[in-house]
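Letters go in sequence order (proteins before strands), and every chain restarts at 1.
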Amino acid sequence: MWEYTDKVKDHFLNPRNAGTIEDADGIGEVGSLACGDALTLYIKVGDDGRITDAKFQTFGCASAIASSSALTELIIGKTVEEAEKITNKDIAQYLGGLPREKMHCSVMGQEALEQAIKNMRGEAPSKAEHSHEGELICECFGVFDEEILQAIKENDLKTVEDVTNFTKAGGGCGKCIPDIERLLAEARGEGVCPAPSAEPAFPAQGMTNIQRMHLIERVIDEDVRPKLKADGGNIELVDIDRDIVVIRFLGMCSGCPSSRATLEGLVETALREKVDPGLKVREG
Amino acid sequence: MKTIYLDNNATTQVDPAVFEAMRPYFTELYGNPSSMHRFGGQVGVTLKEARASVASLLGCEPEEIIFTSCGSESDNTAIRSALNARPDRRHIITTAVEHPAILSLCKYLEKKDGYEVTYLSTDEYGRLDLEEYKAAIRPDTAIISVMWANNETGNIYPIEEMAKIAKEHDVIFHTDAVQAVGKVDIDLSKIPVDMLSLSGHKLHAPKGVGALFVRKRLPFRPFLIGGHQERSRRAGTENTTGIIALGKACELAREHMTEENTEVKRLRDKLENGLLASVPDTKLNGDPEHRLPNTTNISFGYVEGEAILLMIDQVGIAASSGSACTSGSLEPSHVLLSMGVPFTFAHGSIRFSLSRFNTEEEIDFVLETLPPIIENLRKLSPFSAEKQAPACTKSFTE
Ligand code: FES
């Protein structure tokens, strides 16, 4: 059972401002049935630029409903400019906190608000998916790079798990996890500015992908293969997938499983020392 | 507020008679059955009776029962034993709808130890295909593990037939019967299953005790090593109170078997038919025919399972859901997905599992309170039968 605060329970059991606004000035729709939660937010804006009314419809768990309800309370009475500054953190705080795994519910609120404001200004259709530019990172949950980067920045996210908790990206088939890792690295500033130190921490640092691949090939050719050949074996480089180096043993080495494990270790040590300490070796 | 407990596939209430049977072994009769003195020895006698009672429920010999700590331990023991007994065989067959105890273990064996695993698929009713099953068996298949009944839908699988086919191919056949024992008739003197797992707390014994049936003369490799207990097949001082409780629970299960399939089933059917009739956009998940008498799994379209559970919790109804939000993951239940239940419905699925302790009044109460709760949640929802959501491009196929 989730540990929900009393405030979350209250907003779930007695949601404020549920419903629709017929002549809304802005409508924001995010999520979908398939994804497990969805929110439609309606806003009404007065002549003085203040949000006079807001209503929501939510499909989702208790924290999704509570987040939507809290959002409407937060924005009613504010000017659009003020409302624009509201982040998912504010929503979670208003509710006295959300379980970490449920933070994506507050992010959904923030996104719906953004969409509704854009829609009001005529910048975007109400459907979120049409308004995205950039790269679709997570196909399972339809999450774009900009949403992930924003969540990372605003909530100081450090791990893939965090990103999944906040945006859902990575929580399905998992095939987008390497891309999320890349975005995390990007947000940390890696790969953007070169390492300031004169001496790189490891040989492959700062190299392009191609350079790194050549270096891996060279280490295998020059360091590993001769050792194996001495024992009548050989090694073949099958693939390099980011940090995973896939190899195949040939000849004598390919027979016995226990010696294979030792050999794998040998290749890994050489590659970690001469290329990149983050590399992993797999047999394929 | 009174709790209406409809989550008996998760765990059950300890039968008061079971509790009475085990109580003295906490307080007065705390001896170790392995001791030389009479004080411990007398406990050994009761353990023997408990073993005989479990065996009699299953139609096997007492010596074929090994007591364990839970269903998951039984499952792990069975699969690892089979693999160790035939190290040359590197293939495992199981289903896509097993309990995590089996599924996670198979995934682990696949990843870490390089085993090949075939996961049998199911159709839209959650049924297995015997032709697919036969075709999956290979000369290097070490073990086949198929659950007797599914915890989420209650589906019962054709274990007798499947075990016979395994026998013809000389492959060890294990079944996780945790949900089935006590609810359906199991006669191992007739059904050629090699190993069977069961768990105490699913049949009104306490948590922390389980059993594994291992057929005589089947090669067996223990999981826990370090003592002579259970004829050196499972080391560790016996959980005497738990085992005695399980013995009593099996005795009671025998007595109540007819009731499970008449009275409990009648209440289940009343609940199921009532909800399907009174709430629009609902769908029964599972095999309408071959199903446990106590389980029903119903999807309520356009609302989310966790929200339903918390709402009914407010009025004292305890059930469970296959929705993503309740599992702490983001995907709905693997059982429902493998049946091809649309996401729309999988997210709003609720499992009600009854026991002989449920009453007619309780079922009437649920039939009264649940429909308006669904209606209210649907009022909150941006979706309905008319207003479908944009499709998500999800592909959870693993
Ligand atoms: S694509 Fe992101 S989890 Fe599947």
Margin query: Side chains of A/T58 and B/E304, heavy atoms from C-beta outward: is any pair under 4.5 Å?
Written below: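 Not touching, per the 4.5 Å side-chain cut-off.
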
Next item on the list: State, with a plain yes or no, whether a side-chain heavy atom of B/F383 is found less than 4.5 Å away from one of A/Q57.
Entry: no

If you measure from [atom1] on [X] to [atom2] on [Y], what distance do you get to the nearest 0.5 Å?
| X | Y | atom1 | atom2 | value |
| --- | --- | --- | --- | --- |
| A/F59 | B/H347 | CZ | NE2 | 6.0 Å |
| B/L380 | A/S69 | CG | OG | 9.5 Å |
| A/D37 | B/E306 | CG | CD | 10.5 Å |
| A/S63 | B/L310 | OG | CG | 9.0 Å |

Margin query: Does A/E161, at its CD atom, have more than 12 non-hydrogen atoms belonging to other residues, nucleotides or ligands within less than 6.0 Å?
Written below: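 It does not: A/E161 CD has 12 such atoms or fewer within range.
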
Check: Just wondering, are more than 12 heavy atoms of other shown residues or ligands nearer than 6.0 Å to OH in B/Y125?
Finding: no

Notebook entry, point to check: If you count heavy-atom pairs under 4.5 Å between each of B/S381, B/G114, B/P382, B/A307 and chain A, which one has the most?
Noted result: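 Between B/S381, B/G114, B/P382, B/A307, the count favours B/P382.
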
Next item on the list: Check whether A/T20 gets within reach of chain B through its side chain, its backbone, both or neither, counting any heavy atom under 4.5 Å.
Entry: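 Neither the backbone nor the side chain of A/T20 comes within 4.5 Å of chain B.
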
Margin query: Is A/L13 close to chain B through its backbone or its side chain, or both, or neither, when contacts mean heavy atoms under 4.5 Å?
Written below: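 For A/L13, heavy atoms of backbone and side chain both lie under 4.5 Å from chain B.
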
Checklist line | ring pair (Phe, Tyr, Trp, His ring centres under 6.0 Å) against B/F365, all qualifying residues, sequence neighbours excluded | finding: none

